[in-house]
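Everything on this sheet refers to the single structure shown next.
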Protein chains: 2
Amino acid sequence: MRSSVEEAPDHCAIEFAMEMLGGRWKLAILKQLVSGTHRFGELRRALPGITQRMLTRQLRELEADGLVTRTVYREVPPRVDYTLTEVGHSLDSITELLDTWGRWYRETVRGEALPGPRPPA
Amino acid sequence: MRSSVEEAPDHCAIEFAMEMLGGRWKLAILKQLVSGTHRFGELRRALPGITQRMLTRQLRELEADGLVTRTVYREVPPRVDYTLTEVGHSLDSITELLDTWGRWYRETVRGEALPGPRPPA
DNA sequence: CAGTATCCGGAAAGATACTG
DNA sequence: CAGTATCTTTCCGGATACTG
């Protein structure tokens with residue numbers, strides 16, 4: 001019985017992490033950026049349902065937290081792209097695990113393989 | 001360069017996972033339960049700042065999602081305890097990683113070792 | 001002890017329109 | 001293309017009081 005619950009150092013760093021990464025989009029955005037640099041529009045298309053406003057806000061918060069780098073190219077059609085910083089990449093394994101877990105849970109625990117035709121009853 | 005962003009199967013299972021595990025308390029609760037069964041009051045004390053209402057609600061949602069088991073003992077002082085299911089335990093590595101990451105980020109990236117006296121400037 | 005039952009404020013998130 | 005600017009809605013999370 002080594003671990004009574006109250007041994008938590010301050011109060012579990014997960015709360016801290018979730019205040020930073022919680023919300024609907026943050027981790028999904030980071031996941032997209034694991035594979036490399038992407039433009040605003042690419043991210044937008046990769047995240048069906050997100051609005052321009054949300055994507056902008058989330059990206060700015062991620063930038064403020066030092067997780068992504070924002071690069072503006074002053075060209076004729078404006079171009080901005082986003083890249084994970086080293087700190088941002090420190091979350092790669094977590095986003096990977098969460099993604100895998102989410103897929104596993106959805107397909108195995110619940111029975112929802114893919115949105116679409118249901119298997120006959 | 002196999003992975004352009006738009007290869008996402010449906011739309012990234014992370015979104016799904018975060019809808020289920022997001023919010024301020026879910027993962028912190030799961031983390032507490034990794035070490036084994038705990039009573040309602042224990043969890044309450046282990047999560048400073050959480051209200052009875054919140055703890056109850058979050059636990060019920062976790063139960064509904066098949067992540068925790070709720071056991072009621074009909075005794076004179078009522079007693080209820082909570083245990084991770086196998087599915088719940090499938091998140092152990094993720095909560096562990098997130099906790100470690102949160103601690104690392106807070107102490108290394110930002111300079112906040114522990115709430116308390118600041119080191120001299 | 002382990003909850004319910006209400007009430008409530010503010011942040012999160014969405015819709016829509018406009019711009020450098 | 002990559003944003004801003006508003007407006008509106010949703011609902012998460014908290015405070016408080018009561019109960020089997």
Side-chain angles (χ1 to χ4, degrees), chain A residues 4-6 11-12 14-30 32-33 37-65 68-83, chain B residues 4-6 11-12 14-33 37-65 67-83:
Chain A
S4 79
V5 179
E6 32 271 22
H11 72 302
C12 198
I14 287 189
E15 264 188 71
F16 171 81
M18 288 309 287
E19 276 174 32
M20 193 168 156
L21 304 170
R24 188 172 169 184
W25 301 109
K26 290 269 182 75
L27 287 172
I29 293 172
L30 292 177
Q32 294 301 325
L33 292 176
T37 299
H38 289 293
R39 301 183 53 169
F40 185 86
E42 288 177 322
L43 293 173
R44 193 149 112 86
R45 282 187 294 278
L47 300 166
I50 200 172
T51 59
Q52 279 190 330
R53 180 178 174 279
M54 266 301 125
L55 182 53
T56 301
R57 284 188 45 170
Q58 303 299 307
L59 283 168
R60 294 296 158 84
E61 289 183 23
L62 291 172
E63 187 191 10
D65 287 330
V68 309
T69 302
R70 179 171 180 265
T71 309
V72 182
Y73 301 87
R74 287 207 131 282
E75 301 174 349
V76 185
R79 177 176 142 217
V80 179
D81 57 30
Y82 296 88
T83 310
Chain B
S4 78
V5 179
E6 30 271 23
H11 70 303
C12 197
I14 287 190
E15 265 190 70
F16 172 82
M18 287 310 285
E19 277 174 32
M20 192 168 156
L21 304 171
R24 187 172 169 184
W25 301 109
K26 290 269 180 73
L27 287 172
I29 293 172
L30 292 176
K31 173 73 162 43
Q32 294 300 324
L33 292 174
T37 299
H38 288 293
R39 302 183 51 169
F40 184 86
E42 287 178 322
L43 293 173
R44 193 148 110 87
R45 281 187 294 278
L47 301 165
I50 198 172
T51 60
Q52 278 191 330
R53 181 178 174 278
M54 265 302 123
L55 183 53
T56 301
R57 284 185 45 171
Q58 304 298 306
L59 283 168
R60 293 297 158 82
E61 290 183 22
L62 292 172
E63 188 190 9
D65 287 330
L67 300 181
V68 309
T69 303
R70 179 171 180 264
T71 310
V72 181
Y73 302 87
R74 288 207 132 281
E75 301 173 350
V76 185
R79 178 176 140 216
V80 181
D81 58 30
Y82 296 88
T83 309

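Given the structure is predicted, the values throughout are model-derived calculations rather than measurements. Just so it is clear: chains get the letters A, B, ... in the order the sequence lines come, proteins before strands, and each one is counted from 1.
- With distances taken from any side-chain atom of A/Arg70 to the nucleotides D/dG3, D/dG20, D/dA2, the minimum falls on D/dG3.
- Listed nucleotides: D/dA2, C/dC1, C/dG3. Nearest to the side chain of B/Thr56: C/dG3.
- With D/dG3, D/dG13, C/dG3 as the candidates, the nucleotide lying closest to the side chain of B/Arg24 is D/dG13.
- Considering only side-chain N and O atoms, A/Arg45 lies nowhere under 4.0 angstrom from the phosphate OP1 or OP2 of D/dC1.
- Atom pair B/Glu42:CD and C/dC1:P shows a separation of 12 Å (rounding to whole Å applied).
- Nearest heavy-atom pair, A/Thr37 versus A/Glu42, reported as atom, atom and distance to 0.1 Å: O-OE1, 4.3 Å.
- Considering only the side chain of A/Gln52, D/dA2 comes nearest among C/dG3, D/dG13, D/dA2.
- Residue B/Leu21 holds its CG atom at 11.0 Å from CD of B/Glu61, rounded to the nearest 0.5 Å.
- Among C/dA13, D/dG14, D/dC12, the nucleotide with an atom closest to any side-chain atom of B/Thr51 is D/dG14.
- Out of D/dG13, D/dA17, D/dG3, the shortest distance to the side chain of B/Gln58 is found at D/dG13.
- Figure legend. D/dG20 is base-paired to C/dC1; pairs are counted as Watson-Crick or G-U wobble with both atom distances under 3.5 Å.
- Contacts of A/Tyr73 with the nucleic acid, taken as non-hydrogen atoms under 4.0 Å apart, are absent.
- The phosphate of C/dG3 has OP1 or OP2 within less than 4.0 Å of a side-chain N or O from B/Tyr82.
- Looking at B/Phe40, B/Tyr82, B/Trp25 one by one, the single match for side-chain contact (heavy atoms from CB on, under 4.5 Å) with B/Leu55 turns out to be B/Phe40.
- A straight line from CE of A/Met54 to C1' of D/dT10 spans 12 Å, rounded to a whole angstrom.
- A/Arg39 has a side-chain polar atom (N or O) that falls below the 4.0 Å cut-off from OP1 or OP2 of D/dA2.
- Across all strands shown, A/Arg53 has heavy atoms under 4.0 Å from base atoms, whether or not it also approaches the sugar-phosphate.
- We find that CD of A/Glu61 is positioned 7 Å from P of C/dA12, with the value rounded to whole Å.
- The separation between A/His38 atom NE2 and D/dC1 atom P is 17 Å, rounded to whole Å.
- When all heavy atoms of A/Gly23 and B/Met18 are compared, the pair lying nearest together is O-CE, 3.9 Å.
- Geometrically, B/Arg79 engages B/Tyr73 in a cation-pi contact defined by less than 6.0 Å to the ring centre and at most 45° from the axis.
- For the pair B/Leu55 CG and C/dG3 P, the computed distance is 8 Å after rounding to whole Å.
- Rounded to a whole Å, the CD atom of A/Glu75 is 13 Å from the P atom of D/dC1.
- Heavy-atom distances to DNA chain C give each of A/Pro78 and A/Gly22 a nearest nucleotide, and the one nearer the 5′ end belongs to A/Gly22.
- Smallest separation of non-hydrogen atoms from A/Gln32 and A/Leu43: CB-CD2, 3.8 Å.
- If you check every strand for non-hydrogen atoms under 4.0 Å, B/Arg74 touches nothing.
- Computed from coordinates, the A/Arg79 CZ to C/dG20 C1' distance equals 18 Å when rounded to whole Å.
- Residue A/Asp81 contributes atom CG, which lies 9 Å from atom P of D/dA2 at whole-angstrom precision.
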